[in-house]
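Worksheet: the structure to be examined is printed underneath.
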Amino acid sequence: PLAERTNLAGVQHILLVLSGKGGVGKSTLSTELALALRNAGKRVGILDVDLCGPSIPRMLRVQDSAVHQCDSGWVPVFVGQDKAIALMSIGFLLERPDDAVVWRGPKKNALIKQFVTDVAWGDLDFLIVDTPPGTSDEHISTVEALRPYQLLGAILVTTPQ
């Protein structure tokens, strides 16, 4: 429990980006929001828990980056010349960025919990959590893992059709 406290202890606000369906622009909104907050002088992290379609590394042009280990867990990939956006995604853990992830619930849930507890975020004003489409196990696991921390809220992305 102590390690859980320390890795998210420096995060001021956590924001989930959700939708009931795919293809509505969750990852685009998460990326644009992170860039806007960074441009406003905020320290920002993005946690990409879209395990089947991790697109944020490609959107931020860091898909060839690798995640490293440190004493307190995984070190996120830092984006841009100013290194102002920290990013963690399963995309960094796959051999090829286009590899499909076909996992059952328990393995997905374990990885999400590990992403929440074992990433060394440091001090952030905002952690944006990009979720997969729908209302699946991943969402329940993410909310459960983040429950001990103060969640700022959620952005629900919808389309008019």
Side-chain angles (χ1 to χ4, degrees), residues 1-19 25-94 97 101 103 107-132 136-157:
L2 190 61
E4 290 178 17
R5 288 271 170 253
T6 53
N7 275 341
L8 283 175
V11 177
Q12 298 303 309
H13 305 289
I14 301 171
L15 194 54
L16 293 176
V17 178
L18 311 149
S19 83
K26 282 179 301 302
S27 296
T28 301
L29 190 129
S30 295
T31 301
E32 292 293 332
L33 182 60
L35 292 168
L37 287 166
R38 183 205 59 196
N39 290 343
K42 304 298 183 190
R43 295 161 305 180
V44 184
I46 304 176
L47 175 55
D48 183 4
V49 293
D50 188 348
L51 305 184
C52 298
S55 55
I56 292 184
R58 194 172 59 251
M59 288 180 172
L60 291 172
R61 296 195 176 107
V62 290
Q63 67 268 30
D64 296 326
S65 300
V67 170
H68 302 288
Q69 292 280 326
C70 69
D71 289 344
S72 51
W74 284 322
V75 178
V77 169
F78 293 94
V79 178
Q81 291 176 322
D82 57 358
K83 306 282 187 223
I85 297 177
L87 172 61
M88 185 62 195
S89 171
I90 194 174
F92 300 132
L93 305 178
L94 302 174
V101 178
W103 287 351
K107 194 167 180 183
K108 288 180 180 179
N109 298 346
L111 181 67
I112 288 169
K113 185 163 176 36
Q114 196 173 2
F115 272 176
V116 169
T117 59
D118 295 349
V119 176
W121 292 109
D123 291 332
L124 295 177
D125 295 305
F126 291 91
L127 177 61
I128 298 166
V129 182
D130 186 45
T131 66
S136 61
D137 274 359
E138 286 102 314
H139 300 88
I140 296 167
S141 298
T142 303
V143 170
E144 285 294 317
L146 291 170
R147 192 178 301 274
Y149 311 98
Q150 53 190 21
L151 210 62
L152 176 66
I155 295 176
L156 189 60
V157 182

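Predicted, not measured: the structure shown is a model, and the values here were computed from it.
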Would you check if [X] and [Y] make a side-chain contact, meaning some heavy-atom pair closer than 4.5 Å?
| X | Y | value |
| --- | --- | --- |
| Phe78 | Val62 | no |
| Leu124 | Gln12 | no |
| Leu16 | Leu146 | yes |
| Asn7 | Val119 | no |
| Pro57 | Asp48 | yes |
| Val129 | Val49 | yes |
| Gln114 | Trp74 | yes |
| Leu47 | Ile14 | no |

Which heavy atom of [X] sits nearest to which heavy atom of [Y], and what is that distance?
| X | Y | result |
| --- | --- | --- |
| Pro132 | Asp50 | CB-OD1, 3.6 Å |
| Arg58 | Gln63 | CA-OE1, 3.7 Å |
| Ala154 | Leu18 | CB-CD1, 3.7 Å |
| Phe115 | Ile90 | CZ-N, 3.7 Å |
| Ala120 | Cys70 | CB-SG, 3.9 Å |

Is there a side chain to side chain contact (heavy atoms under 4.5 Å, CB included) between Leu33 and Ile155? Walk through the geometry before answering. CA-CA 11 Å; Leu33 182 60; Ile155 295 176; 3.8 Å; yes
To the nearest 0.5 angstrom, please state how far the CE atom of Met59 sits from the CD1 atom of Ile46. 9.5 Å
Look up atom OG in Ser19 and atom CG in Leu156, then write down how far apart they are to the nearest 0.5 Å. 7.0 Å
Sorted by chain and number, sequence neighbours left out, side chain to side chain contact (heavy atoms under 4.5 Å, CB included) with Glu32 holds for Thr28
Does the pair Leu60 and Thr31 meet the rule for a side chain to side chain contact (heavy atoms under 4.5 Å, CB included), with working shown? CA-CA 8 Å; Leu60 291 172; Thr31 301; 3.6 Å; yes
Side-chain donor/acceptor of Asp125 to backbone N/O of Lys42, under 3.5 Å: no
Donor-acceptor pair, distance only, cut-off 3.5 Å: does the side chain of Thr131 make one with the backbone of Val17? yes
Give the C-alpha distance, both sets of side-chain angles, the deciding distance and a yes or no for side chain to side chain contact (heavy atoms under 4.5 Å, CB included) between Leu37 and Arg43. CA-CA 8 Å; Leu37 287 166; Arg43 295 161 305 180; over 6 Å; no
Determine, for Lys26 against Asp130, whether the closest basic-nitrogen to carboxylate-oxygen distance falls under 4.0 angstrom. no
In sequence, state the C-alpha distance, the side-chain angles, and the governing distance for Phe126 and Val11, and then conclude on side chain to side chain contact (heavy atoms under 4.5 Å, CB included). CA-CA 6 Å; Phe126 291 91; Val11 177; over 6 Å; no
